[in-house]
*Asks:* 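Supplied in structure tokens, the structure appears directly below.
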Amino acid sequence: MLVLTRKSGDGIRIGDAIVVTVLEIRGKQVKLGITAPADLSVHREEIYRMIREQNEMASLSDGMDVTGVKEAWRTLNEAEGIKT
Amino acid sequence: MKIPTVRFGEIDVDPSRIIDMPGGIPGFEHLRRYVLLTHRENHPFLWLQAVDDGRIAFVVVNPFLFQVSYEPEIPDDVVRKLSIGKEEDVVVLVIVTIRKDPFRLTANLRAPIVVNGKNRRGMQVILEDHEYPIQFSLLKTPVLETEAGAARKEMAISTALGGV
């Protein structure tokens with residue numbers, strides 16, 4: 001991993017089109033500004049990882065499970081008096 | 001075109017029905033083309049089947065059927081990337097996770113699949129709004145099929161995607 005030391009107001013450039021600027025340092029928090037091309041998405045790492053894990057879990061759902069859900073659904077709706 | 005799938009066998013897909021997801025979705029960045037399939041019987045779940053990998057399919061649902069107050073704000077960069085012209089063209093679906101226990105059914109409201117029905121281009125949008133959970137329990141709120149708003153949204157989906 002490349003490690004660079006930067007002060008508030010300093011930036012780093014990644015390739016031609018990405019600039020990360022340190023906007024503010026306050027206690028344990030750093031505020032970063034990111035300029036990147038519109039076709040690149042930028043996310044907080046932990047959120048991105050959670051979405052990826054959820055997608056991976058979701059991809060394991062199979063047709064049998066869907067049938068089970070339908071039954072569960074009907075049971076609940078009937079309990080609520082909702083016509084399915 | 002015919003595509004082999006693990007869950008549905010070989011399916012015949014009209015190429016004009018393919019949804020293009022240029023960046024893939026997190027965890028599946030290499031898969032860019034999907035088709036939306038309805039489940040055999042009439043119920044709110046749809047399948048988002050990857051065209052280029054028969055093993056990968058996601059159960060998706062119209063979130064407005066469950067959560068009428070759901071108002072995901074589509075960021076400007078998404079509007080640009082998908083070339084969204086009108087709000088009516090936007091189709092929002094959320095990915096459902098089904099576990100062994102069917103009552104533990106959750107939907108990812110934090111990262112909806114947003115599709116421009118006009119050009120069939122889509123992406124999974126990670127919302128900045130922290131209020132929307134990644135694991136929203138669907139079966140806590142039984143579906144209100146008579147809910148006028150939800151019915152309207154449902155119609156919007158089939159119109160925008162021109163059936164499936």
Side-chain angles (χ1 to χ4, degrees), chain A residues 11 13-21 23-24 26 28-84, chain B residues 6-8 22-29 31 39-41 43-45 47-48 50 53 55-61 75-78 80-81 94-108 110-111 123-128 130 134-135 138-146:
Chain A
R13 185 171 282 265
I14 304 166
D16 291 331
I18 302 168
V19 180
V20 181
T21 311
L23 296 177
E24 189 184 299
R26 192 186 288 171
K28 284 185 173 174
Q29 285 200 318
V30 181
K31 197 180 272 184
L32 301 173
I34 298 140
T35 310
D39 59 337
L40 274 186
S41 43
V42 178
H43 301 294
R44 290 177 185 81
E45 170 62 16
E46 70 279 10
I47 303 289
Y48 183 86
R49 205 179 310 135
M50 279 157 69
I51 300 296
R52 191 179 61 202
E53 282 167 10
Q54 195 64 44
N55 283 345
E56 283 163 359
M57 211 194 292
S59 74
L60 301 174
S61 310
D62 72 24
M64 289 301 288
D65 294 341
V66 173
T67 310
V69 164
K70 218 177 89 190
E71 290 310 312
W73 195 321
R74 185 170 292 154
T75 309
L76 277 180
N77 282 335
E78 276 170 9
E80 294 283 321
I82 292 165
K83 197 166 161 280
T84 51
Chain B
V6 166
R7 292 175 185 80
F8 316 106
I25 68 169
F28 302 87
E29 286 83 356
L31 297 173
H39 200 256
R40 267 185 298 278
E41 287 167 69
H43 73 114
F45 296 104
W47 287 93
L48 194 62
D53 186 341
R55 293 166 301 176
I56 305 299
F58 299 93
V59 177
V60 294
V61 72
D76 289 346
D77 68 304
V78 173
R80 272 198 306 275
K81 274 183 226 178
V94 291
I95 298 182
V96 174
T97 301
I98 300 176
R99 300 171 179 79
K100 281 275 170 285
D101 173 4
F103 287 90
R104 283 196 62 225
L105 185 70
T106 63
N108 184 349
R110 184 68 188 273
M123 62 185 288
Q124 187 171 26
V125 179
I126 301 180
L127 301 174
E128 280 299 310
H130 299 256
I134 293 175
Q135 298 188 345
L138 283 183
L139 289 179
K140 257 187 205 155
T141 37
V143 66
L144 298 169
E145 293 192 59
T146 52

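Note that this is a predicted model, so its numbers are computed, not measured.
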*Asks:* Who are the side-chain contact (heavy atoms from CB on, under 4.5 Å) partners of A:Thr21, not counting sequence neighbours?
*Replies:* A:Val19, A:Leu23

*Asks:* Side chain, backbone, both or neither: which part of A:Arg44 has a heavy atom under 4.5 Å from chain B?
*Replies:*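 A:Arg44 touches chain B through side-chain heavy atoms alone.
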
*Asks:* Please state whether the side chain, the backbone, both or neither of B:Ile95 comes within less than 4.5 Å of a heavy atom of chain A.
*Replies:*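 Contact with chain A involves the side chain of B:Ile95 alone.
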
*Asks:* With B:Leu31, which residues qualify under side-chain contact (heavy atoms from CB on, under 4.5 Å), at least two apart?
*Replies:* B:Phe28, B:Tyr34, B:Ala50, B:Asp52, B:Asp53, B:Ile56

*Asks:* Out of B:Met123, B:Gln124, B:Arg55, B:Arg80, return the one with the most heavy atom pairs under 4.5 angstrom to chain A.
*Replies:* B:Gln124

*Asks:* Ignoring hydrogens, what is the shortest heavy-atom contact between A:Arg52 and B:Pro26? Give both atom names and the distance.
*Replies:* CG-C, 3.6 Å

*Asks:* Give the minimum heavy-atom separation between A:Asn55 and B:Phe58, together with the two atoms involved.
*Replies:* O-CE2, 3.3 Å

*Asks:* Under 4.5 Å, counting heavy-atom pairs only, tell me which of A:Met57, A:His43, A:Gln54, A:Glu56 racks up the most with chain B.
*Replies:* A:Gln54

